[in-house]
S.K.: 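Here you go, one structure.
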Amino acid sequence: MTTQPARPIRLRFENLSKSYPATVRAGRNATGNLVLKDIELDVFEGEFLVIVGPSGCGKSTLLDLAAGLSLPTGGRMVLDGRTVTKPGPERSVVFQNYALFPWKTVFDNIAFALAAAGVPRRTQYERVRRVLALVGLEDAADRYPHQLSGGMKQRVAIARSLSVEPEVLLMDEPFGALDAQTREDLQVELRRLWRRNNMTIIFITHDIDEALSLGQRVAVMGRAPGRVVDVVQLPFQPDAAVDEIRTHPEYGELRRYIRAVLSHPDAATQAAV
Amino acid sequence: MVILACVWEVISRTGVINPLFLPPFSVVVTEVYHGFASGYLVQHVMASLGRAVPGLLLALLAGVPLGLALGTSGRLNTFIDPVVEVLRNTSALALLPVFTLMLGIGETSKIAMVFYAALWPILLGTINGLRGVDPLWIKAGRSMGLSGGKLFVKIVIPASLPSIFTGIRLAAAAGLLVLVAAEMVGSRAGLGYVINASQLDFDLPGMYAAILVLSVVGYATNAALVLVETHFLRWKQT
Ligand SMILES: Nc1ncnc2c1ncn2[C@@H]1O[C@H](COP(=O)(O)OP(=O)(O)OP(=O)(O)O)[C@@H](O)[C@H]1O
Ligand SMILES: [Mg+2]
């Protein structure tokens, strides 16, 4: 296949390991709590990288490390050549369980993120309106999270992350609770935003079709311990429509391959594609 | 409520319970009216409130910050936890003589008793509130760049409010209960005193009038607190 043009590396998982302290019950078995083992992964400037992996393999843990919300127990997390030790304004996270503040309205949830990012009050209103329009929730601005459906909450969470116009967007199964239609709309929207704003995106999903239609590369993870089994370079054009991607001659083969690697990590050929 | 009043009226009028021991509801209500008209009950209600309100406010001012401090500091918490457990299970009523002994029978000892009884629910409500803060909200706040004090003020405290409010309502009820008991034993004013004194004078309508007023005060206090609560917690699922 085509060789990668030399692109600056934005995020680098450098020989990264993460283990949680042993619980009393788990005893002294050191491997019992090793969640991520020797993760080596480069994410390029402006890249859309999708991570797929079985439940519990450590995807969320990986994202926390990239966000600077937790520190690795081995190796290091690098952003633009510097070791990540804490969250930063250039990174924004969409959490798996929305993480909306139930005591704030939709509007205030988003304005809160803007205020935290130091956006002056007078421009907040405009920006909240804009991202709400983007996810089709202008009418829900004054509602509280408990008055929203799961899909709506997820869209608010996405809007909140986009509102701060991050350079690096870390998304943990952000479309999981959406119906097929909304999901596809937002996939298209996200790809459009990514191309336009030149964001670097790490997107976690367990849906292979979603991985194929969104990303430029797909990192496939295995579990126990969590590791990157293979990284698949996708042949689709960045500006290809989702429909074009799904009818691409290589789509079916790629889909089969990723499926195989997910269920049998040994099937990974590393050099494949 | 109306039904309860009717049942009361009927069982007393028909003599199911001797009207001497339970005067009809209408008689008691008339008594309440006279009590207020003459200013006699007003004076005692004010005396009780004059003890309950400062006691509760002091408990609030001490309990919330103390609870926040205990709930946040893990080490302090494990250290203090047994102490709190023992003290809160020591009934304020049992300590009544102690309070009287140390602070006399004046206002100070009454206020101190309300304070003591109200402190624990507020303290525990605050600590529970902190324990119930979803770590995910903290994570979200941190990912937005918040840390330390800002995280605490903007996320931890609002997230703990529901439980703090529950504590406040329990505290008001507990404070009132203890206050009445204290007034019965050693006081020359307040609803507790009126209840006790009327009973000794065999002025049963007067006694029931005071009890009725006490119930209404308790009910109104709770209703007022619920009102404040719904204002601050309008985001809660109803
Ligand atoms: N705070 C923690 N303490 C101890 N173990 C943890 C902690 N957080 C996660 N783990 C463990 O780490 C492993 C990976 O968890 P993680 O949430 O990263 O998985 P995941 O790939 O995101 O799963 P899913 O697809 O279900 O979201 C799990 O076995 C989990 O039990
Ligand atoms: Mg996860």
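Residue numbers begin at 1 in each chain, while the letters A, B, ... track the order of the sequences. All values below were derived from every heavy atom in this structure, side-chain atoms included, with hydrogens, water molecules and symmetry-related copies excluded.
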S.K.: Would you say OH of A:Tyr125 has more than 12 non-hydrogen atoms from neighbouring residues, nucleotides or ligands within 6.0 angstrom?
M.R.: no
S.K.: For B:Leu161, is it the side chain, the backbone, both or neither that has a heavy atom under 4.5 Å from a heavy atom of chain A?
M.R.: neither
S.K.: Got a sec: does the NZ of A:Lys153 have more than 12 other heavy atoms crowding it under 6.0 Å?
M.R.: yes
S.K.: Which of residues 89-117 of chain A have a heavy atom under 4.5 Å from any heavy atom of chain B?
M.R.: A:Arg91, A:Val93, A:Phe95, A:Asn97, A:Ala99, A:Leu100, A:Phe101, A:Pro102, A:Trp103, A:Phe112, A:Ala113, A:Ala116
S.K.: Test side chain to side chain contact (heavy atoms under 4.5 Å, CB included) on A:Lys86 and B:Arg142; report intermediate values, then the result.
M.R.: CA-CA 9 Å; A:Lys86 59 178 197 291; B:Arg142 283 179 56 213; over 6 Å; no
S.K.: Measure B:Lys154 against the heavy atoms of chain A and call it side chain, backbone, both or neither at under 4.5 Å.
M.R.: both
S.K.: Quick check on B:Leu146 against chain A: is it the side chain, the backbone, both or neither that has a heavy atom closer than 4.5 Å?
M.R.: side chain
S.K.: Which region of A:Arg143, side chain (C-beta onward) or backbone (N, CA, C, O), has a non-hydrogen atom less than 4.5 Å from a non-hydrogen atom of chain B, or is it both or neither?
M.R.: neither
S.K.: Please output the residues of residues 55-70 of chain A in contact with chain B, using a heavy-atom cutoff of under 4.5 Å, in numerical order.
M.R.: A:Asp64, A:Gly68, A:Leu69
